[in-house]
Amino acid sequence: MTNLLEEMVIDFSNEIKDNFATYSAIYVSFVEYIKEQYTDYEYSLEYFLEHDLSRRDIIKSCIRYIQNSAKVKKETAIDKYLNAMTKLYEECISKKHFNNRNLFAILPFGSLKSEVKEQLKDNYLKEKEALEAINDKDADKILNYLTQNKTKGKVVFLRNSILLKLIILYGFKLERLKYMVVEDVDLDKHILNIRNTIYDGISIQLELPFGLVQEIRSYIELLKKDIEFSSSQFLFLSSNKKIIDSSFAQTIIENIKDTSCNVTLTGIAKFAIINMIREGINKANIKLITGMQDIIVDDCEKKFLEQQFQEANDTVILNRDINKKIRGIETFDKLLE
């Protein structure tokens, strides 16, 4: 069984390595955990995946990975591991029709993070720094800087400007932007197609503001000057044609931040997510759009609620708004009778 599992997991790891290269070490560690725990397992791979693979295995294998990886020092390693295991289950195990009801019920596995933290014996993981959402003033600083310096750096600055504007409007996780391809943008229809990796058959098509469409059009025209240009290539690449990382925004952030403001990409994305929550977009749809996990969206919702209480000196306005929306639910009318 363990050999068959190893073959399946490594094959999947190789399939996604172009986009998720860092997951390979996680999958190797997971396979090693299974070999250690199920040395004398007598049943088939199918029976193991459908009946014996459990939440305990996800938690314990995560702990093993963290404790045995010298480079792992931050709490974000837990998120990364659980995200990788969610991807393995949803896009490999489940698609091969190995149905494990107990594991399906706790998807995504990020929900197990608190249990992993509780069971870690060594408290050497650094707590994740609080990445505060930027405010309206900070957002205006970023947009003004991009407007005033739009002639700088040509392709690189234009790319960085587009990336930051997409994050500040839609709250995208950087990983979602890394793997967008040129054909994901329909300039004539002003549409950005979001590739959905969670639910089959659901397509998110975001309307782009006119000014951003013009920037993207100019950017793509510059890309077309490359002899190797293809509509299936990644839309955003570094100057040496490698996948971008968070350093793309470093120069811009350094130029707009001050002592009272710690600007980060996550903080910029949180600004957008809070705006979406304010406009009534639910958390499930926000996750589909942004690619963000529960921990980020939940934090934004908490921040939004805090802002509501601060903006209304008492709870009268807040209660009035809540009850107005509840009265719009059909069940409310049925209970009037």
Side-chain angles (χ1 to χ4, degrees), residues 16-22 134 138-197 203-257 263-269 271-273 275-276 288-292:
I16 65 170
K17 67 180 181 181
D18 288 343
N19 293 343
F20 298 91
T22 58
I134 64 171
D138 301 324
D140 287 341
K141 278 185 181 180
I142 295 171
L143 295 176
N144 289 338
Y145 177 85
L146 295 177
T147 299
Q148 293 167 7
N149 296 275
K150 61 184 178 182
T151 58
K152 288 186 177 181
K154 296 184 179 178
V155 177
V156 173
F157 188 87
L158 190 53
R159 179 204 66 196
N160 295 348
S161 175
I162 294 167
L163 283 165
L164 282 173
K165 288 177 180 178
L166 287 172
I167 295 173
I168 210 169
L169 177 60
Y170 300 114
F172 289 132
K173 187 177 183 179
L174 183 58
E175 278 65 25
R176 172 136 293 176
L177 293 169
K178 282 182 180 180
Y179 306 112
M180 284 183 177
V181 296
V182 175
E183 59 191 14
D184 285 336
V185 184
D186 187 332
L187 293 172
D188 293 332
K189 294 181 179 179
H190 294 196
I191 292 295
L192 179 65
N193 293 294
I194 303 302
R195 299 187 177 204
N196 171 37
T197 58
S203 176
I204 304 295
Q205 296 183 321
L206 298 175
E207 294 182 15
L208 291 167
F210 178 76
L212 195 47
V213 170
Q214 295 300 92
E215 277 195 61
I216 297 174
R217 190 187 302 277
S218 299
Y219 173 66
I220 292 177
E221 287 303 315
L222 291 172
L223 294 183
K224 286 180 178 178
K225 294 181 180 180
D226 190 320
I227 193 171
E228 297 178 356
F229 174 82
S230 166
S231 60
S232 61
Q233 73 179 50
F234 291 132
L235 181 58
F236 304 112
L237 291 172
S238 65
S239 53
N240 58 1
K241 296 187 178 180
K242 292 188 176 182
I243 299 294
I244 57 167
D245 57 36
S246 58
S247 64
F248 85 85
Q250 183 175 352
T251 301
I252 295 172
I253 288 175
E254 287 297 325
N255 277 283
I256 62 96
K257 74 178 184 180
V263 178
T264 65
L265 288 180
T266 300
I268 295 171
F271 168 81
I273 293 171
N275 284 338
M276 285 191 274
L288 278 177
I289 295 166
T290 64
M292 291 292 188

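In this structure, Gly171 and Ala272 approach most closely via the heavy-atom pair N-CB, 3.2 Å. Closest of all the heavy-atom pairs between Leu164 and Ala249 is CD2-CB, 4.2 Å. Here the shortest heavy-atom pairing between Tyr170 and Ile289 reads O-CG2, 4.0 Å. Scanning both residues, Leu237 and Phe234, for their nearest heavy atoms gives CD2-CB, 3.8 Å.
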**Item:** Test log, rule side chain to side chain contact (heavy atoms under 4.5 Å, CB included), inputs Leu174 and Ser246
**Value:** CA-CA 7 Å; Leu174 183 58; Ser246 58; 4.1 Å; yes

**Asked** Where do Met276 and Thr290 land on the side chain to side chain contact (heavy atoms under 4.5 Å, CB included) test, with the steps shown first?
**Response** CA-CA 11 Å; Met276 285 191 274; Thr290 64; 3.8 Å; yes

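Of the inter-residue distances, the one linking Ile253 atom CD1 with Phe248 atom CZ reads 7.5 Å to the nearest 0.5 angstrom. Thr266 contributes atom OG1, which lies 9.0 Å from atom CD1 of Ile167 (distance to the nearest 0.5 angstrom). Lys173 NZ to Met292 CE: the interatomic distance, rounded to the nearest 0.5 Å, is 7.0 Å. Rounding to the nearest 0.5 Å places CD1 of Ile244 at 9.5 Å from CD of Glu175. Rounding to the nearest 0.5 angstrom, the gap separating the CG atom in Asp186 from the CG atom in Asn193 is 7.0 Å. Between atom CD1 of residue Ile168 and atom CG of residue Asn275 there is a gap of 9.0 Å, rounded to the nearest 0.5 Å.
Proximity of Phe172 to Leu206: side-chain heavy atoms (C-beta onward) are separated by under 4.5 Å at one or more points. Looking only at side-chain heavy atoms (C-beta outward), Val181 and Ser231 stay at 4.5 Å or farther from each other.
Residues meeting the side-chain hydrogen bond (donor to acceptor under 3.5 Å, both in side chains) test with Asn160, sequence neighbours left out: none. Checked against ring pair (Phe, Tyr, Trp, His ring centres under 6.0 Å), Phe271 has no partners two or more places apart in sequence or in another chain. Here Tyr219 pairs with Val155, Leu158, Arg159, Ile162, Leu223, Leu235, Phe236 under the side chain to side chain contact (heavy atoms under 4.5 Å, CB included) rule; sequence neighbours left out. Remark: Ser247 engages Asp245, Gln250 in a side chain to side chain contact (heavy atoms under 4.5 Å, CB included) (not counting sequence neighbours). Remark: Asn144 pairs with no residue by the side-chain hydrogen bond (donor to acceptor under 3.5 Å, both in side chains) rule, at least two apart or across chains.
Between Gln205 and the choices Asp184, Ile194, Ile191, Leu192, the side chain to side chain contact (heavy atoms under 4.5 Å, CB included) rule is met once, by Ile191.
Ser230 and Ser232 share a side-chain donor-acceptor pair at under 3.5 Å.
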Please tabulate, one pair per line, all N/O donor-acceptor pairs under 3.5 Å involving side-chain atoms of residues 208-217, not counting sequence neighbours.
residue: Glu215; atom: OE1; partner: Ser161; partner atom: OG; Å: 3.0
residue: Glu215; atom: OE2; partner: Lys165; partner atom: NZ; Å: 2.2

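Side-chain atoms of Tyr179 come within 3.5 Å of backbone atoms of Asn19 as a donor-acceptor pair (strictly under, hydrogens ignored).
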